[in-house]
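Residue numbers begin at 1 in each chain, while the letters A, B, ... track the order of the sequences.
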Amino acid sequence: MKIFEELQARGLIAQVTDNDEIRELINNGGAKFYIGFDPTADSLHVGHFMALCLMKRLQMAGNRPIVLIGGGTGHVGDPSGRSDLRTMMTAEKIQHNCNCFKKQMEKFIEFGDDKAVMLNNADWLLKLNYVELLREVGACFTVNNMLRAECYKQRMEKGLSFLEFNYMIMQAYDFYHLHEHHGCNMQFGGDDQWSNMLAGTELIRKKTGDDAYAMTITLLLNSEGKKMGKTASGAVWLDPEKTSPFEFYQYWRNVDDADVMKCIKMLTFIPMDKIEEIENWEDSRINEKKELLAYELTELVHGKEEADKAKEAAHALFSGGGDSANMPTTTLTADDLVDGVIGAVGLLVKSGLCSSNGEAKRLVQQGGVSINDEVVDMAKRYSAEDLANGLKIRKGKKHFHKVVL
RNA sequence: GGGUAGAUGGCCGAGUGGCUAAAGGCGACAGACUGUAAAUCUGUUCCCGCGAGGGUACGGUGGUUCGAAUCCACCUCUGCCCA
C-alpha cells in the first residue's frame with residue numbers, strides 16, 4: 001500500500017486541491033511540503049501530534065518535510081475555528097513558546113540537511129514593508145472572496161479585527177515564500193486551515209504561474225463532534241510536565257467506545273493489515289483495544305519506559321493489587337501536620353488533588369475518597385507514622401496519588 | 001464622527017434597589033449501575049469555617065442610599081445602524 005492510499009485508509013485525508021496530482025507526488029516522494037505550527041502555548045498538544053505523525057509518515061515515504069514555526073504569524077493570531085477574539089501575545093511569550101515547540105519537535109522528527117528542515121516565519125514576516133506587501137500581495141486578493149471563506153464566516157457576527165483578518169494573507173505569503181526560496185510545492189494542515197492554504201496556492205499561481213498543492217487532515221473529533229485531546233482542565237499536552245505520562249495514558253484508555261478504532265487508525269503507526277485484524281475483534285475485547293491505543297500513543301510520545309510504567313500503574317490500580325510505585329507522589333513535611341496529624345481534606349489539598357478545602361470536603365462527604373483502599377470520612381486522621389509508609393489516596397474512580405512524609 | 005444595544009459565576013443566560021452567593025440550562029465533579037465506556041438516576045458545583053458565621057463577586061473607577069448586580073457620572077471593551 002502506498003502512502004496516499006494508506007492515509008486514505010486511515011481516514012486522515014480531509015480535502016485536497018488535486019487528488020491525482022497529489023497522489024502521484026507523495027507516492028513517488030516528490031513532495032517538499034510544509035506544515036505550520038503557531039506558538040500559541042508552551043507545549044504541543046494532540047492536534048500538533050497528528051500533524052507531526054503525518055510528517056513522519058510522508059518522510060518515511062521519501063518526501064521532504066519543512067516544519068514552519070509561526071514566530072511571525074503568532075503575532076497576528078489565526079481566527080480560524082475561533083468564535084471570539086484571540087488575545088495578543090507578547091513578543092517574549094511568542095519567542096518562549098517557539099523554543100518550547102522546537103525542543104519537543106526534535107524528539108519526533110529528525111532534522112538535518114537531507115532530512116527535515118525547521119524554519120521560522122519570523123525571519124521574513126517581521127521585516128516586511130507594509131506598503132510593499134500591500135502592492136505585491138494585497139493586490140492578489142479580493143476582500144469579497146476572503147469574506148466568503150468559511151473561517152471568517154462565523155466571526156462576522158462576533159467581530160473580526162483587521163489584524164486577524166490579515167492572518168490569511170500572512171499564511172499565503174509563507175507558502176509563497178517557501179515556494180520561492182525552498183522549493184516547497186505542498187502544504188499540509190488541519191482541516192480548519194483549508195481557506196488559508198488555498199489562499200497560498202492561489203497566491204503562488206498568480207505570482208509565479210506554478211501549481212502548488214494543499215491537503216488537509218481530518219480533525220480528530222469524537223462521536224459528539226467535539227475536538228478530541230481536550231479535557232476539562234485544558235488540552236492534553238505532550239509535555240510530561242503539563243500532562244503526566246500516566247494522565248496521557250489514561251486519557252486514551254478512557255476514550256469513548258465509538259472512537260477507539262478511529263483513534264487507532266488516525267494516531268498510531270500500527271500497520272493497516274494489523275488494524276483490520278483488530279477491527280474484527282469481538283466486542284468483548286473493546287478494553288483491549290483501548291489499552292493498545294493508550295500504550296501505543298504513550299510510547300510514541302513519552303517512550304517505551306514511560307509507557308510501560310503507565311500501563312503497569314493502571315493495571316495495579318484498576319485491576320486490584322496496589323502497586324504504588326509509579327503513582328504521582330507528593331512529599332509532605334512535618335509543617336503540613338496540625339498537632340501531629342492530618343485529615344483527609346488536608347491530604348487532598350496538599351497533594352493537589354483538590355484546589356480548595358471546600359472541594360475536598362464535598363468529595364469526602366460524598367464518599368468519593370478512599371485512602372489505602374478504605375473510604376474515609378471527615379473525622380479520620382493520619383499521624384506521621386501512617387504517612388511514613390506512604391498513603392495511597394484515591395479520588396473518585398480514576399485519580400490516584402501517593403503522599404509520604 | 002453620530003446613534004443605539006450590551007458587558008453577570010468555567011460557558012450560555014435570567015435578574016433591573018433589600019426575599020440574590022445570584023433562577024434555568026450546559027459543562028464539570030461525586031455516588032449508584034457498569035467494562036477505568038456510553039446511557040440513565042441521585043447529589044454537589046465562589047473562598048474560609050465542624051458549625052454558627054464571615055469574606056470576596058455581577059467590565060473599571062467614583063457617587064447616591066440605612067442598603068446597589070440593580071440608580072447616577074465618567075472610563076474601557078464589544079455588537080448593530082448611519083457616515
Quick test: give all pairs of protein nitrogen or oxygen and nucleotides 41-45 of chain B nitrogen or oxygen below 3.5 Å, distance rounded to 0.1 Å.
residue: B:rG43; atom: N2; partner: A:Gln366; partner atom: OE1; Å: 2.9
residue: B:rG43; atom: N3; partner: A:Gln366; partner atom: OE1; Å: 3.3
residue: B:rU44; atom: O4'; partner: A:Gln366; partner atom: OE1; Å: 3.4

Fill in: Whether A:Phe248 and A:His302 hold their rings parallel, tilted or perpendicular, with breakpoints at 30° and 60°
perpendicular

Practice prompt. Could you work out the separation of B:rG25 and B:rC75 based on their P atoms and round it to a whole Å?
Written response: 40 Å

Worksheet item: Which of parallel (below 30°), tilted (30 to 60°) and perpendicular (above 60°) describes A:Trp124 and A:His177?
Response: parallel

Discussion item. For the C1' atoms, the ones on B:rU76 and on B:rU64, what distance do you get once it is rounded to whole angstrom?
Written reply: 23 Å

Fill in: Lys/Arg N to Asp/Glu carboxylate O, A:Lys102 vs A:Glu106, below 4.0 Å
no

Discussion item. I'd like the C1' distance from B:rG59 over to B:rG79, given in whole Å.
Written reply: 15 Å

Worksheet entry | Donor + acceptor pair across side chains of A:Gln193, A:Gln187 (<3.5 Å) | no

Discussion item. Enumerate the ring-ring contact (aromatic ring centres under 6.0 Å, His included) contacts for residues 88-112 of chain A, please, sequence neighbours excluded, ordered by first and then second residue.
Written reply: A:His48-A:Phe101, A:Phe49-A:Phe108

Worksheet item: With a 6.0 Å cut-off on ring centres, are A:Phe400 and A:Phe318 close enough?
Response: yes

Worksheet item: Among all residues two or more places apart in sequence or in another chain, which pass the ring pair (Phe, Tyr, Trp, His ring centres under 6.0 Å) test with A:Phe175?
Response: A:Tyr34

Worksheet item: When rounded to the nearest Å, what value does the distance between P atoms of B:rA22 and B:rA28 take?
Response: 24 Å

Worksheet item: Can you tell me how far P of B:rC29 sits from CD of A:Glu359, to the nearest Å?
Response: 10 Å

Worksheet entry | Atom P, compared across B:rC47 and B:rA30: separation rounded to whole Å | 16 Å

Worksheet item: Quick one: side-chain hydrogen bond (donor to acceptor under 3.5 Å, both in side chains) partners of A:Tyr249, sequence neighbours excluded?
Response: none

Worksheet entry | Separation between the C1' atoms of B:rG31 and B:rC80, rounded to whole Å | 48 Å

Worksheet item: Would you say the side-chain atoms of A:Ser244 and A:Glu247 include a donor-acceptor pair closer than 3.5 Å?
Response: yes

Worksheet item: Does a nitrogen or oxygen in the side chain of A:Ser356 sit under 4.0 Å from OP1 or OP2 of B:rC48?
Response: yes

Could I get a table of every N or O pair under 3.5 Å where one atom is in the protein and the other is in nucleotides 36-39 of chain B?
residue: B:rU36; atom: O2'; partner: A:Asn254; partner atom: OD1; Å: 2.2
residue: B:rU36; atom: O2; partner: A:Gln250; partner atom: OE1; Å: 2.6
residue: B:rU36; atom: O2; partner: A:Asn254; partner atom: OD1; Å: 3.3
residue: B:rU36; atom: O2; partner: A:Asn254; partner atom: ND2; Å: 3.3
residue: B:rU36; atom: N3; partner: A:Gln250; partner atom: OE1; Å: 3.2
residue: B:rU36; atom: N3; partner: A:Gln250; partner atom: NE2; Å: 3.4
residue: B:rA37; atom: OP1; partner: A:Lys398; partner atom: NZ; Å: 3.1
residue: B:rA37; atom: O4'; partner: A:Lys290; partner atom: NZ; Å: 3.4
residue: B:rA37; atom: N3; partner: A:Asp257; partner atom: OD2; Å: 3.1

Worksheet entry | Pairs involving residues 37-55 of chain A, ordered by first then second residue, that meet salt bridge (Lys or Arg N to Asp or Glu O under 4.0 Å) (sequence neighbours left out) | A:Asp42-A:Lys242

Worksheet item: How far does the C1' atom of B:rU70 sit from the matching atom of B:rC82, given to the nearest Å?
Response: 32 Å

Worksheet item: Toward the 5' end of RNA chain B, which comes first, A:Ile286 or A:Lys395, by nearest nucleotide?
Response: A:Lys395

Please tabulate, one pair per line, each protein N/O and nucleotide N/O from nucleotides 50-52 of chain B that are separated by under 3.5 Å, including the distance.
none

Worksheet item: Distance between the P atoms of B:rU56 and B:rG3, in whole angstroms?
Response: 39 Å

Worksheet item: How would you list, by chain and number, every residue that makes a salt bridge (charged side-chain N to carboxylate O under 4.0 Å, His left out) with A:Glu241, sequence neighbours excluded?
Response: none

Discussion item. Just to verify, what does A:Asp386 make a side-chain hydrogen bond (donor to acceptor under 3.5 Å, both in side chains) with, not counting sequence neighbours?
Written reply: A:Ser383

Counting only pairs under 3.5 Å, give me each side-chain donor-acceptor contact of residues 332-348 of chain A, with atom names and distances, residues two or more places apart or in other chains.
residue: A:Thr333; atom: OG1; partner: A:Asp335; partner atom: N; Å: 3.4
residue: A:Asp336; atom: OD1; partner: A:Lys350; partner atom: NZ; Å: 3.4
residue: A:Asp336; atom: OD2; partner: A:Thr333; partner atom: N; Å: 3.0

Item to complete: Specify the separation, in whole Å, of atom CE of A:Met156 and atom P of B:rC81.
Response: 10 Å

Worksheet, complete the sentence: By side chain to side chain contact (heavy atoms under 4.5 Å, CB included), A:Gln104 pairs with (sequence neighbours left out) A:Ser43, A:Leu44, A:Leu238, A:Asp239

Discussion item. Wobble G-U and Watson-Crick pairs count when both distances are under 3.5 Å; given that, what is the 5' to 3' dot-bracket string of RNA chain B, with | for pairing to other strands?
Written reply: ((((((((.[[[..)..(.....]]]((((((.......))))))(((....)))...[[[[[..)....]]]]]))))))).

